[in-house]
Amino acid sequence: MSLSELSKAYTPTDVEPLWYQRWIDAGCFHADEKSSAPAFSIVMPPPNVTGVLTLGHVLNNTLQDILARRARQTGHEVLWLPGTDHAGIATQTVVERQLRKEEKKTRHDLGRTAFLEKVWEWKKKHGGIILEQLQRLGCSCDWKRERFTMDEAYSKKVQETFIDLHQKGMIYRGKRMVNWCPVSRTALSDEEVIPKKQKGILYHYKLEIIEQPGTWLEIATTRPETIMADVALAVNPNDPRYAPLIGKHVHRPLGPLAEIPVIGDEAVEMTFGTGILKVTPAHDKVDYEIGLRHQLPIIDVMNPDGTLNEFAGEEFAGLDRFEARMKAGERLRELGLLVKEEPYENNVGFSERADVPIEPRLSEQWFLRYPKTKEARAAVQQHLVRFFPDRWEKVYDHWLEHIQDWCISRQLWWGHQIPAWHSADRSEIKVQLESPGEGWIQDPDVLDTWFSSWLWAHETMDEVTRKKFYPTSVLVTGPDIIFFWVARMIMAGLEYTYALPFRDVYFTGIIRDKQGRKMSKSLGNSPNPLDLIATYGADGLRFGMMRIAPTGQDIRFDEQQIVEGRNFANKVWNAARFREMQGTCSPHPNLAEHELPDIAITLLSQFETMHGALKKAYAEYRFQEIAGLLYDFFWGDYCDWFIEAAKPTLAASQQFKLQVEVEESEKQKERFALLSTMDVVLAGFLHLLHPLMPHITEELWERLGFKEKSGFAERADFLLYAQPPQEKLLAHLSPEKIESAKNSTLALYSAIHAARNLRSECKINAKQAVDFLITPKDEITSWSPDQLEIFSALARGKNVTISHEAPPKESASVITDLGTITIPLAGLIDPVAEKNRLTIEIKNVEAELLKVRTKLNNPAFVEKVPAAILQEHREREVRWQERLESLQAMLGKLYSVLN
RNA sequence: GCGCGGUUAGCUCAGCGGUAGAGCACUACACUGACACUGUAGGGGUCGGCAGUUCGAACCUGCCAUCGCGCACCA
């Protein structure tokens, strides 16, 4: 026999990069827009150019790759379109930080043009990192169609969209309260504000009514640093405590001297705090609205960077807002106005990017009134876009129901500059691509990055590509961007393509660490996927991820799972190695030519079942199940049972072959039948596993000789494009034949299991072969030579004999569906231990019997239960009863030995 | 406050009306010619609690507890 050419252990690092290069070289991932095959397309959610690969990306892109590869295998022309997102704030921040560090300059020192050059330089250098990392994962993207949100054509489209929506009256400019990030110094959308529980202090202070000396009002605030911007105190007009004071005045205690009125407004909650609200229209949304209703003046005491300005008064000007808060508290105390300070926890909106509290701030911005909101809602309600899992529909619907206008302008430089032009005196604005002429100045602001990515599904494609591949088939993304991206893309698709941008949306889970914390850079709890790939292989990482990725559930990452992925790859490798040791594989075995042994029929049937379940799981995006089906079938059905059961025949026939070359013996025929079965199943299995573990499957496909021609010039040379396995492998056999082969094989396997258990219970050493006596259940059930041989091999039997006589007294037995199996050796068995074993077993059987009988004795049960269930319970009763009787008989015999 | 999701073996999770499951971890045995990234066998769970529906509930209904998320509230 020849030594295998396959190494003993699989080393993915030797294999994976090679295959990726071959796929690329042969153009396997390039989508042909002229193809007549049905289209399947995915646009990759563009990662930030600043990004490096995280486990979240691994999960997300593995899912997409699985879908893309599966679609190729099922005859689709596949486009998986990759790209990156310019990530306005994040990228600008990164480059500014570098500039500060390396050149000790700010962007303002450079000026806009020079700064943008720096960003582009940075992008060219680092922007591709994440995409290269995805290649290492094995992602089958069409790299020739890679897009970037700042590409020239794409940028133009973004600006044209702005102009169009402006013309339609959906985009307007206005002075409004917005979320201001003092660190990034830009406005943000509502979605970019993350509420966080914050421990602070609630300051209670009192003010005296000017018109009524001696009457004091107590006010509670968490933000005393805005007292200088207060323009009124508000009470609820229905509040009997304070209503009479409406129209009176108090002195503003901090900042420039002023008298401010007490006003009545229903927005004030009587039961909250002291029932008196200080009104700061410049620094609070609710206060702003109250201010509008009462025509109150607006005093803005804060600079864009969060420091206080001159309107706050000399004492406070220049202080940071948090310093000012402390100082304001102190001043109130010095003035004798501070009643108390109490610890207080409230929700504060934080900037998503800079992670600092945002400031509500009045500023002039561009806003979008969302288009097609009704249609977008209806599309999901009517399942024209299907969400997986569907519970996200509710979240989506709720957001659209309460949708607010979107602040789309950002005070940044990196991004799509707004195509609006101000006249020199700033009295006029023109919205258009090119400058209207001399003296017109372009609006300095850029658009929210999401205002560009909401066009991603259709504007990444040129017209021909779009014709073939748009709308896309499925979007795979995280639920955290359901508003940011998914909803907006649906609206943009409806507005600009009159189509829904995707048929299905699959929401992944969020990856957490073992303690359930979100993976984050600052916690340092995110393993580097490239390290994982180096250790376990991309295939191992991918498979491991899939096995722990429950649909729509957050994922607790555990490296052990990746270890298992690697182990599985090794298992597959070695099973292939075993096959290789048996001789050359045939690429197209004809199973109908062989007389298939029962174990082969069983395996083929199990493969069919698995294949069917797999198809169903794909249709429902149940990836964990897909991985589980493949794993269980291969490790259990194929390796643990089939290969082991085939070994005796394979070994015997091989010896035989050495002696007689001429005539084919029965054994020899059986050997070929088994090998053909293995070839069919291995080829089919590699095919089905390929989307999850693309590299190792291509490698084995080639090495085992399933690949028909040499070379890797074109698509057809790869497993990736190979014909899928047949659905019906056993069509030439009658269903009865299949059923009986399966029943007898599974009964045999279960008898082997019982026998092994018996050995173990009897404390027989694992390597010691023992004699077995088999008493078939009845005359009808007999054991075939094959069955005896397999039993003997797998249960480590020495002499295995069929006996219809009563077994010797000193023996241990177990009852199986194929009869009673006995280990007869007197010296081997400790009768006392055996007695105990039987006693426990009898107790268990009695308990089971009682359970079934209780049910069957219940008249209501017998009356109402479906016939099939009733039948099943009756059979169960008989089985347990038989077993009980046999066990009692064995025990009786043992007593005669012991006494 | 409203909504969503989770709570099943020590851990990570399946199962979602008819005899409680997998992998890992653990225990014992075995380096026999595919694989120690292995094999064989085993122990371990009143399926968060209470009540209800049902012949029958981990599974359906209601309430409660607890953890997480989203929205609202942010004096």
Side-chain angles (χ1 to χ4, degrees), chain A residues 1 3-4 6 8-10 195 197-198 202-204 219-223 233-234 268-269 272-280 284-287 344 346-349 389 391-392 394-395 398-399 402 479-480 482-483 510 512 514 516 536 540 547-550 552-558 560-561 563-582 624-625 628 631-632 635-636 639-640 643-644 647 651 753 756-761 763-768 794-796 848 851-852 855 858-866 868-870 872-873 876 880:
Chain A
M1 76 209 81
L3 275 173
S4 173
L6 268 61
K8 219 171 158 180
Y10 175 56
K197 284 235 184 317
Q198 209 57 18
L202 190 60
Y203 297 85
H204 289 254
I219 302 130
T221 182
T222 53
R223 304 203 57 195
L233 294 183
V268 180
E269 292 228 17
F272 202 101
T274 62
I276 303 173
L277 174 68
K278 68 195 250 329
V279 182
T280 323
D284 186 280
K285 244 179 191 168
V286 176
D287 292 12
Y344 189 71
N346 64 343
N347 271 326
V348 177
R391 65 188 153 86
W392 295 110
K394 229 174 180 172
V395 176
H398 185 262
W399 183 74
H402 301 281
D480 47 336
I482 189 166
F483 312 138
I510 290 168
R512 300 174 179 281
K514 275 205 105 169
Y536 305 111
R547 284 197 79 208
I548 51 169
Q553 226 49 49
D554 284 0
I555 296 141
R556 292 199 180 215
F557 181 76
D558 180 357
Q560 182 57 41
Q561 307 288 347
V563 172
E564 284 176 43
R566 189 261 325 249
N567 293 355
F568 186 56
N570 190 245
K571 190 73 179 177
V572 175
W573 181 262
N574 272 288
R577 188 165 174 261
F578 177 76
R579 174 62 190 85
E580 199 193 33
M581 288 171 149
Q582 308 300 320
Q624 192 183 32
E625 194 177 322
Y631 186 94
D632 292 345
W635 206 303
C639 292
D640 289 346
I643 290 192
E644 293 307 322
K647 272 180 182 173
H753 185 77
R756 285 165 166 176
N757 175 251
L758 188 66
R759 293 175 55 109
S760 173
E761 294 279 347
K763 306 263 184 300
I764 296 168
N765 191 291
K767 60 185 161 192
Q768 184 176 352
L794 300 201
R796 274 210 149 250
E848 290 298 334
K851 265 204 274 185
V852 192
K855 280 193 178 182
N858 181 355
F861 176 79
V862 181
E863 247 171 72
K864 297 190 181 178
V865 86
I869 302 292
L870 183 61
E872 193 218 314
H873 278 76
R876 209 187 290 165
W880 287 124

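A note on names: the letters A, B, ... follow the listed sequences, proteins ahead of strands, and every chain is numbered from 1.
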Nearest atoms (heavy-atom pairs only) where [X] meets [Y]:
X	Y	result
A:Gly275	A:Val268	O-CG1, 3.4 Å
A:Thr274	A:His204	CG2-ND1, 3.9 Å
A:Asp287	A:Thr280	OD2-N, 2.7 Å
A:Leu794	A:Glu644	CD2-O, 3.5 Å
A:Trp573	A:Lys8	CD1-O, 4.3 Å

So what does [X] touch, heavy atoms closer than 4.0 Å: a base, only the sugar-phosphate, or nothing?
X	value
A:Glu644	base
A:Leu794	nothing
A:Glu625	nothing
A:Thr222	sugar-phosphate
A:Lys767	sugar-phosphate
A:Glu863	nothing
A:Pro859	nothing
A:Lys8	sugar-phosphate
A:Asn347	base
A:Val268	base
A:Arg579	nothing
A:Asp287	nothing

Heavy-atom check, side chain of [X] versus side chain of [Y], under 4.5 Å:
X	Y	value
A:Arg796	A:Arg759	yes
A:Gln198	A:Asn347	no
A:Leu870	A:Val862	yes

Quick one: is the NZ or CZ of A:Lys647 closer than 6.0 Å to the six-membered ring centre of A:Phe578, and within 45° of its axis?
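Ring-cation test returns yes.
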So, is [X] close to the [N] phosphate, meaning a side-chain N or O under 4.0 Å from OP1 or OP2?
X	N	result
A:Asn574	B:U38	no
A:Lys571	B:G39	yes
A:Trp635	B:G39	yes
A:Arg876	B:U19	yes
A:His753	B:A41	yes

How long is the line joining [atom1] of [X] and [atom2] of [N], in whole Å?
X	N	atom1	atom2	answer
A:Arg566	B:G23	CZ	P	18 Å
A:Arg796	B:C29	CZ	C1'	12 Å
A:Lys285	B:C73	NZ	P	9 Å
A:Asn765	B:G39	CG	C1'	14 Å
A:Lys851	B:A57	NZ	P	13 Å
A:Gln624	B:A22	CD	C1'	10 Å
A:Phe483	B:G70	CZ	C1'	7 Å
A:Trp392	B:G6	CH2	P	11 Å

I'd like to know if [X] reaches the base of [N] with its side chain such that a donor and an acceptor end up less than 3.5 angstrom apart.
X	N	answer
A:Lys394	B:C4	no
A:Asn570	B:C35	no
A:Gln582	B:A34	no

Could you tell me how far B:G45 sits from B:U19 if I compare only their C1' atoms? Round to whole Å.
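Straight-line distance between the two C1' atoms is 16 Å.
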Upstream residue (5' side of RNA chain B) when A:Tyr631 and A:Ile643 are each assigned their closest nucleotide:
A:Tyr631
For A:Val865 and A:Gly275, find the nucleotide of RNA chain B closest to each by heavy atoms; which residue's nucleotide sits nearer the 5' end?
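On the 5' side of the pair lies A:Val865.
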Among [options], find the nucleotide with the atom closest to the side chain of [X].
X	options	value
A:Arg756	B:C37, B:U40, B:G70	B:U40
A:Ser760	B:A34, B:A41, B:G18	B:A41
A:Ala9	B:C37, B:C4, B:G18	B:C37
A:Arg391	B:G42, B:C4, B:C73	B:C4
A:Gln560	B:C24, B:C37, B:U19	B:C24
A:Asp640	B:G23, B:A34, B:G39	B:G39
A:Glu564	B:A30, B:C24, B:G18	B:C24

How are the rings of A:Phe861 and A:His873 set to each other: parallel, tilted or perpendicular (split at 30° and 60°)?
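Perpendicular, since the angle between the ring planes exceeds 60°.
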Test item: A:Asn574 side-chain N/O and A:Arg577 main-chain N/O as donor-acceptor pair under 3.5 Å
no
Using Watson-Crick or G-U wobble pairs with both distances under 3.5 Å, give me RNA chain B in dot-bracket, 5' to 3', with [ ] for crossers and | for pairs to another strand.
((((((((.[[[[.)..(..]]]].(((((.......))))).....[[[[[..)....]]]]])))))))....
